[in-house]
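Please find one structure pasted underneath; my questions will follow.
Remember, it's 1-based here, ligands and their atoms both numbered in the order they're listed. For the numbers below, each heavy atom of this structure counts, side chains included, while hydrogens, waters and symmetry mates do not.
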Amino acid sequence: MENIARVPVHVSIIMDGNGRWARERGLERAAGHIEGVESVRACTEAAVECGVKYLSLYAFSEENWGRPEDEVNALMGLMFKSMLAELSNFLENGIRFVVLGNRSRLSAELNSTIDSCMEKTRDNDVLTLIVFLSYSGKWDILQAAKRFAAEVAADPSRAGELMSIGTEEFGRYLVTGDIPDPDLIIRTSGEMRLSNYLLWQGAYSELLFCDTLWPDFRKDEFRSALMTYSKRDRRYGKVK
Ligand code: FPP
């Protein structure tokens, strides 16, 4: 395998195409999601092998709550089962597991499993695996603004911050806090849009759209995406 010259610190993936993968095989949509978990596992392993420090996955958007109830329940059940099944793997491989999003919409049972999984893995430092659940970029920016405004309103000595706050400081109120912005955002299945994902954090991310459906996106595809990234010229709006 060719060496990857420049490994991104944070790779983020919009996992798309599970439904189409299932339909092509005459299966229920849920079968695509189940197979998609195998791709999550494969990409997590590949990220560790390549030395990526943060791998984040758009697993369920705020908009996805509008899907049929059966599918929502199947997806939530799959998250729950996968977390329990993968915990020992996270512990063995030094993986810190983090869930970010509007957790007030998740069930108490799922929230408590998430808390326990995050707590048990919190000191791991080989890879941080972030699952965005009930997340949307607009929601994130709005919750950050509300939290910041509430803090300032509660402490009149901070009133000046309303005008002086900069992008760096404001960014810390986003759910990603001090997680570095994604270097690379991959979207599978041929769709070319961000779908309300990491709108602030993705300001200078390299974007990579590929036709592979998520259940078919495995280690080779992950490595090939990193190879493409390593050949990109990142200028951040400047001239080199
Ligand atoms: C998009 O495909 C996929 C999702 C909305 C769900 C992705 C979730 C998983 C693979 C499970 C993740 C599990 C863990 C543990 C992180 P789609 O249903 O929109 O596909 P389509 O566009 O072909 O219909």
*Report the nearest protein non-hydrogen atom to atom 1 (C) of ligand 1: residue, atom name, distance rounded to 0.1 Å.*
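Checking every protein heavy atom, the shortest distance to atom 1 (C) of ligand 1 gives M15 O, 3.1 Å.
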_Rounded distance (nearest 0.5 Å) linking atom OG of S224 with atom CG of L208_ =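 So the OG of S224 and the CG of L208 are separated by 7.5 Å.
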*Please determine if R67 has a nitrogen or oxygen closer than 3.5 Å to a nitrogen or oxygen of ligand 1.*
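Among all N and O atoms of R67, at least one is under 3.5 Å from an N or O of ligand 1.
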*Determine the interplanar angle of the W214 and F217 rings, folded into 0 to 90°, and report it as parallel if under 30°, tilted if 30 to 60°, perpendicular if over 60°.*
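Parallel.
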*Can you tell which part of L213 has a heavy atom less than 4.0 Å from ligand 1: side chain, backbone, both or neither?*
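Under 4.0 Å from ligand 1, L213 contributes no heavy atoms.
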*For atom 11 (C) of ligand 1, the protein heavy atom that lies nearest, with its residue and separation*: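 Checked against all protein heavy atoms, atom 11 (C) of ligand 1 sits closest to V37 CG2, 4.0 Å.
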*May I ask you to identify the nearest protein heavy atom to atom 20 (O) of ligand 1, giving residue, atom name and distance to one decimal place in Å?*
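Result for atom 20 (O) of ligand 1: G19 N, 3.0 Å.
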*Would you indicate whether the side-chain heavy atoms of L226 and V11 approach each other to under 4.5 Å?*
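They are in side-chain contact.
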Quick one: side chains of residues 170-177, donor-acceptor pairs under 3.5 Å with protein atoms, not counting sequence neighbours, listed by atom name and distance.
from	atom 1	to	atom 2	distance (Å)
Y173	OH	E151	OE1	2.7
Y173	OH	R158	NH2	3.1
T176	OG1	Q201	NE2	2.8

*Which ligand 1 atoms, with their elements, are less than 4.0 angstrom from a heavy-atom of L75?*
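So the atoms of ligand 1 that pass are 6 (C), 8 (C).
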*Sub-6.0 Å ring centroid separation between F132 and Y197*: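 F132 vs Y197: aromatic centres under 6.0 Å.
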*To the nearest 0.5 Å, what is the distance between CZ (F148) and CG (L162)?*
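Nearest 0.5 Å value for the CZ-CG distance: 5.0 Å.
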*Verify the distance criterion only: is there a donor paired with an acceptor across the side chains of N111 and D115 at less than 3.5 Å?*
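No, D115 and N111 have no side-chain donor paired with an acceptor closer than 3.5 Å.
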*Is E191 in contact with ligand 1, taking contact as a heavy-atom separation below 4.0 Å?*
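For ligand 1, residue contact (heavy atoms, under 4.0 Å) with E191 is absent.
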*Nearest non-hydrogen protein atom, atom 16 (C) of ligand 1*: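 Closest protein heavy atom to atom 16 (C) of ligand 1: V131 CG2, 3.9 Å.
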*Using a 4.0 Å heavy-atom threshold (strictly under), name the region of E35 that reaches ligand 1: side chain, backbone, both or neither.*
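Neither; nothing of E35 gets under 4.0 Å from ligand 1.
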*State, without any angle test, whether E63 and N196 hold a side-chain donor-acceptor pair at a distance under 3.5 Å.*
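Indeed, the side chains of E63 and N196 share at least one donor-acceptor pair under 3.5 Å.
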*Got a salt bridge between R96 and D123, using NZ or NE/NH1/NH2 to carboxylate O under 4.0 Å?*
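No, this pair does not count.
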*Look at atom 5 (C) of ligand 1 and say which protein heavy atom is nearest, naming residue and atom and giving the distance to 0.1 Å.*
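Atom 5 (C) of ligand 1 sits closest to the protein heavy atom N64 OD1, 3.8 Å.
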*Report the nearest protein non-hydrogen atom to atom 14 (C) of ligand 1: residue, atom name, distance rounded to 0.1 Å.*
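Heavy-atom neighbour on the protein nearest atom 14 (C) of ligand 1: M79 SD, 4.0 Å.
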*Taking atom 15 (C) of ligand 1 as the reference point, the nearest protein heavy atom with its distance*: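 Sorting protein heavy atoms by distance from atom 15 (C) of ligand 1 puts S82 CB, 3.5 Å first.
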*Short list, please: which atoms of ligand 1 are under 4.0 Å from a heavy atom of R20?*
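Those qualifying, in numeric order: 21 (P), 22 (O), 23 (O).
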_Tell me the nearest of P215, A59, A85 to atom 8 (C) of ligand 1, using heavy-atom distances._
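Looking at heavy atoms only, A59 sits closest to atom 8 (C) of ligand 1.
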*Hey, is R103 close enough to E62 for a salt bridge, meaning N to O under 4.0 Å?*
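Between E62 and R103 there is no salt bridge, as every charged N stays at least 4.0 Å from the carboxylate O atoms.
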_Euclidean distance, T212 OG1 relative to W21 CH2, rounded to 0.5 Å_ =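 Nearest 0.5 Å value for the CH2-OG1 distance: 14.0 Å.
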*asked:* Applying a heavy-atom cut-off of 4.0 Å, say which part of R29 lies close to ligand 1: side chain, backbone, both or neither.
replied: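 It is the side chain that touches ligand 1; the backbone stays farther off.
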_Counting only nitrogen or oxygen atoms and a 3.5 angstrom limit, does Y58 reach ligand 1?_
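For ligand 1, there is no N or O atom that lies under 3.5 Å from one belonging to Y58.
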*What residue and atom, counting heavy atoms only, is the protein's closest point to atom 10 (C) of ligand 1, and at what distance?*
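Result for atom 10 (C) of ligand 1: N18 ND2, 3.4 Å.
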